[in-house]
Student: 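Dropping a structure here in structure tokens format, bear with me for questions.
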Amino acid sequence: MKKYHQYDDIPLKLRTSLEEKVAQSPYRQYFHIEGDMGYINDPNGVCYFDGKYHLFYQWSPLTYSENSWFQGWYHVTSTDMISWEDAEVRIETNSPYETHGAYSGSAIEDGEVMKIFYTGNTRNEQNERIPYQIIATLDKKGELIKRFPPAIIGYPDGYTDHFRDPKIWKSKDDYYAVIGAQRKNLTGTSLLLHSQDSFSWRILGEVDIAYPCLGYMWECPNYFEIGDKGIFLFSPQGLKPEGNRYCNIYQTGYVIGNKLSKNNLQITDKQTFQEIDRGFDFYAAQVMQAQGRTILFAWMGLPEITYPTQQYAYCGCLTLPRELFLEDGKLKQRPLVEIEKYRQPLLVNVEEKTHELGFGIELSLCIRKSKHQTMIDFAANMENTAHTRLICDFEKRELILDRHLAGERVAEEYGTKRVIAEDFGDEVNLRVFLDRSSIEVFVNDGDFVASSRIFPTDYQKYLHFYQREDNIDMKVWRLEIGE
Ligand code: FRU
């Protein structure tokens, strides 16, 4: 396998041929972050620094070409978290401590610099994995300095080589981080790390959320505080489906409890893990606290799933950012107000059954209680034989997202229906973001959210009310974001 450790080493001809393949895709998104080519996954280093929002994502531009690879962090910036500008490839695998990938990590504004904490992945000649946790700084001129030797070399006794994804924060003058880990008995956990200077780190112990066993590995842990509560959000692997929960290959969810500190590693003594998103494609969320707000980004995708864009030499996109609020003992997730300034109203007559809306739109829908199920078909063809269906059932108090006729098939072995909300009252309010190849549904002011990829043809530009009753109000906007 040929390895390029810096983006500039990749021959121009190869890059151009991949770009040409990507350009043939009918599925390119209008207002979600995607890579120019190759594979993207976790959001990394989400922070506010030097007057702008910064986000990086895991990027392997060569995943779909000639068996060669490079895996680093690509950088984008924004002033409103909706419209993003490309910065450049920022973390490359150009040191001996990250030869097999500059893996996930996080960042904070720290005085004059952005401080980044991430995992360098390596494998030795026996193919054994050796992880390194690396601190880097990015200054306002864009100079990146990695600090070597790495802050943490290898992994602690009692744990395996699955030791990665540090999420850093600062509390008064102390630095903390949580990191994903796997115990020697193959159960997942997270360790709390502490540092006084951000360069030398001590392991304080395991974060206690009262589960002796919740999956075999916890990836991408996050810790943040809202009011007097500490919230721990992470992506456990290896949970079995339980009714409507945990239906995807891997999960992401949270527990709420006490604040973590040097003297307290127990968030809660009750098993209260809640899945954060009810859709088909959501993983590796990262939370940023900045400008008094708590904002979440995630990968709108999952590991080990084949997506139809791969035939066009790319795969993966991120979710829209969401603002998090702690209300009634639960995280409520709402779209950012910033998105509203990109709205261009589309006039629709809700009395009609069929609407030609196209893609790249936001809808606001209010569904009132009715005896029958209410079915709304998004991204449908004219005949309505292909669509992504929402079914609102007031009898069962369930809202279902069904993508079995949505277009090209994805991960059908994990099912094609999800119950995305339940136990609601006599009215369901929805905000739906329909991009070219995804749908995000926010239910009842952030009570539930479902994020899913869909792969409709160009002809699926209609919305149908399957059986029109007089119980629906609707507003639609085109979102004019980006180029
Ligand atoms: C989660 C993950 C992380 C890892 C990264 C590598 O999707 O597996 O644990 O750091 O992706 O790309």
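First listed ligand is number 1; within each ligand, the first listed atom is number 1. These figures come from a predicted structure and were not determined experimentally. Index from 1, following the sequence.
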Student: I want to know whether Phe455 and Tyr27 have ring centres closer than 6.0 Å.
Tutor: yes
Student: Less than 6.0 Å separating the ring centroids of Phe433 and Phe442?
Tutor: yes
Student: What about Tyr97 and Tyr132, are their ring centers closer than 6.0 Å?
Tutor: yes
Student: Can you confirm whether more than 12 heavy atoms, excluding those of Glu85, are under 6.0 Å from its CD atom?
Tutor: no
Student: Suppose I only count heavy atoms of Asn41 and a 4.0 Å limit; which atoms of ligand 1 are within that range?
Tutor: 5 (C), 6 (C), 7 (O), 11 (O), 12 (O)
Student: For ring pair (Phe, Tyr, Trp, His ring centres under 6.0 Å), just list the numbers for Phe234 and Phe273, CA-CA rounded to whole Å, side-chain angles, deciding distance to a tenth of an Å, and then say yes or no.
Tutor: CA-CA 10 Å; Phe234 61 110; Phe273 179 75; 5.3 Å; yes
Student: Quick one: which ligand 1 atoms are inside 4.0 Å of a heavy atom on Tyr283?
Tutor: 1 (C), 7 (O)
Student: Looking at atom 6 (C) of ligand 1, what's its closest protein heavy atom, distance included?
Tutor: Gln58 OE1, 3.3 Å
Student: Suppose I only count heavy atoms of Asp165 and a 4.0 Å limit; which atoms of ligand 1 are within that range?
Tutor: 3 (C), 4 (C), 9 (O), 10 (O)
Student: In Å and rounded to the nearest 0.5 Å, what is the CG to CD distance from Leu144 to Glu92?
Tutor: 9.5 Å
Student: Distance to 0.1 Å, residue and atom name: give those for the protein heavy atom nearest to atom 1 (C) of ligand 1.
Tutor: Asp42 OD2, 3.0 Å
Student: Test your reading of the structure: does Ser104 have an N or O sitting under 3.5 Å from an N or O of ligand 1?
Tutor: yes
Student: Around atom 8 (O) of ligand 1, find the nearest protein heavy atom and jot down its residue, atom name and distance.
Tutor: Glu219 OE2, 2.9 Å
Student: Mark up the atoms of ligand 1 that fall under 4.0 Å of a heavy atom belonging to Trp299, in ascending order.
Tutor: 7 (O)
